[in-house]
2 protein chains.
Amino acid sequence: MAEQADSSGQGLHARLLDALGPAITAGEYPPGTVLRTDEVAERYEVSRTVVREAVRVLESMHLVESRRRVGLTVLPTAEWNVYDPQVITWRLAGADRPRQLRSLTVLRSAVEPAAARLAAGSATPQQCADLTEHALGMVATSRGHRLGEYLEHDVAFHRVVLNSSGNEMFARLGDVVAAVLAGRTRHDVMFSDPRQEAVTMHVQVAEAVREGDGERAESVMRNITVDAMAELDVLAP
Amino acid sequence: MAEQADSSGQGLHARLLDALGPAITAGEYPPGTVLRTDEVAERYEVSRTVVREAVRVLESMHLVESRRRVGLTVLPTAEWNVYDPQVITWRLAGADRPRQLRSLTVLRSAVEPAAARLAAGSATPQQCADLTEHALGMVATSRGHRLGEYLEHDVAFHRVVLNSSGNEMFARLGDVVAAVLAGRTRHDVMFSDPRQEAVTMHVQVAEAVREGDGERAESVMRNITVDAMAELDVLAP
DNA sequence: TGGACCATAAAAAGTCATACTTAAAGCGCG
DNA sequence: CGCGCTTTAAGTATGACTTTTTATGGTCCA
């Protein structure tokens, strides 16, 4: 079973965060808006302590700035820590989800081919096995409207590639890729089964990595990401 | 002048953060270590309020986890939000700086060529002008041990490329690139002037972007990053 | 006698209210 | 026009109380 995600955590401060974060990232409090601690405390019926803790976190995400005698100022979008998983989650849940999905897909297009190339040079036998397993899993579930299972294998596959690259910066993008992939199928119900060519390419990446052919792994993965971009162009405005 | 960086901020909680963050990322409190709020409060001579605020931030960076009846547990490295600018700063200042520099350079190698290609398709005239200006600035300062000025142009150049890509995820990596470039020259005093080929390549990227030649912009930028990787291999073990 | 299960106690984080300190924005006076 | 005072809101500290979770210990059954 999938984990509970890390939003909606326990504790008042976490719940306040899950109220403020989405509100800010959704533009409900546009940049330049000034809030006061007491005001927030009253509105959400929590103590100032709780508000301050939540604010410290928002501040570390560069969503707001707290200044004495002024209050909490919502910062312009350009300042936000857009790599923070929580910020990504909030934005994906909000109004500019399409734009966000596009940004992330472009990032994927840059990172995943590079990761695949590196993976070919440093994946462990276990990782190669996992790769093959999930690629075959995708094949097996690519027909018959088993999108749920298909997605799980797809996500796992890309996670393994990123982890196998041996680069921790790449590895940490696993959640991002998962969010993008999940978003794709969840957003609009995909009636049709995945395209067979896409499935085949995953198998090929697994092969290339197993054989240590970085060049080919990168190249095929690049085609996968090109596909993803194209798909996005069809679905989104 | 360069900005004051956002570490060492005002406020006790920020200072506590600047004590705990580097200590944790440096492995001074290894993963699994358990701290208690009161203990920390006493050791750093601050109130529990302050400790809790700092902890909330560390928690949002996934450096620690706070559990009732247990305390603050330092999380394994794999959990850390390695894209958080503050975490990057802390780690670059610490012991595994070389490893960190390498990770970030690999990331650059994946992202910057893609960014250059996009920039060729969407850079404004102003951005093209800036690009040319900084490329020429690099040429002008590439001889005569003017590394300080050279670095400034270099950083500015790469920032403009990333911003011109029109992708906010890429744009936000400007600080990372700046940190890597700065680290390169600061770490070991570079006696020799930059290689002329490297300088020339920057001029070529500026040209390609101006002419809208994404293919070439990407290709030359890729060579620049290959150079950066090679340089790292020479300097680091 | 040994093990499993449940109730209870203790420990530490979480929450709240309050009092007090500090910095800075804005106003008014010289 | 500028200097300083006032006022405001964030920052800090403390103590009392709540909640959750772990660990302990004891009982009951096999």
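Each chain gets a letter, A, B and so on, in the order its sequence line appears, and its residues count up from 1. What you see below is based on every heavy atom in this structure, not just the backbone, and it leaves out hydrogens, waters and symmetry mates.
- One can find a donor-acceptor pair under 3.5 Å joining the base of D:dT12 and the side-chain atoms of A:R48.
- Spacing between atom CG of A:L72 and atom C1' of D:dT8 amounts to 14 Å, rounded to whole angstrom units.
- Of the candidates C:dA25, C:dT15, D:dA13, C:dA25 carries the atom nearest the A:V70 side chain, counting heavy atoms from C-beta on.
- Ring geometry for B:H158 against B:H202 counts as perpendicular: the plane angle is over 60°, on a 0 to 90° scale with 30° as the lower cut.
- Distances from the side chain of A:R68 to the nucleotides C:dT15, D:dT14, D:dG11 place D:dG11 closest.
- No donor-acceptor distance shorter than 3.5 angstrom exists from the side chain of A:W80 to the backbone of A:V64, with no hydrogens or angles considered.
- At least one side-chain nitrogen or oxygen of A:S66 sits closer than 4.0 Å to the OP1 or OP2 atom of D:dG11.
- Side-chain nitrogen and oxygen atoms of A:R67 include none within less than 4.0 Å of the OP1 or OP2 phosphate oxygen of C:dA24.
- Atom-to-atom, CZ of A:R36 to P of C:dA24 comes out at 19 Å; the value is rounded to the nearest Å.
- D:dA13 atom P lies 16 Å from atom OH of B:Y44, rounded to whole Å.
- In this structure, CG of A:L16 is placed 15 Å from P of C:dG14, rounded to the nearest angstrom.
- Residue B:S47 places no side-chain N or O under 4.0 Å from the OP1 or OP2 atom of D:dT14.
- In this structure, A:D38 atom CG and C:dA17 atom P are separated by 12 Å, rounded to whole Å.
- Salt bridge A:R172/A:E168: absent, no basic N to carboxylate O contact under 4.0 Å.
- Distance CD (A:E45) to C1' (C:dT15): 15 Å, rounded to an integer number of Å.
- Distance, A:R52 CZ to C:dT22 C1': 12 Å, rounded to whole Å.
- One cannot find a donor-acceptor pair under 3.5 Å joining the base of C:dA12 and the side-chain atoms of B:R69.
- If you measure from atom CD of B:E53 to atom C1' of D:dA10, you get 10 Å, rounded to the nearest angstrom.
- Checked for salt-bridge contact, A:R56 and A:E53 miss the test: no charged N lies under 4.0 Å from a carboxylate O.
- Looking at A:E59, its side chain does come within 3.5 Å of a backbone N or O of A:S66 through a donor-acceptor pair.
- For the OP1/OP2 pair of D:dA10 and a distance below 4.0 Å, the side-chain nitrogens and oxygens of A:T37 include at least one atom meeting the criterion.
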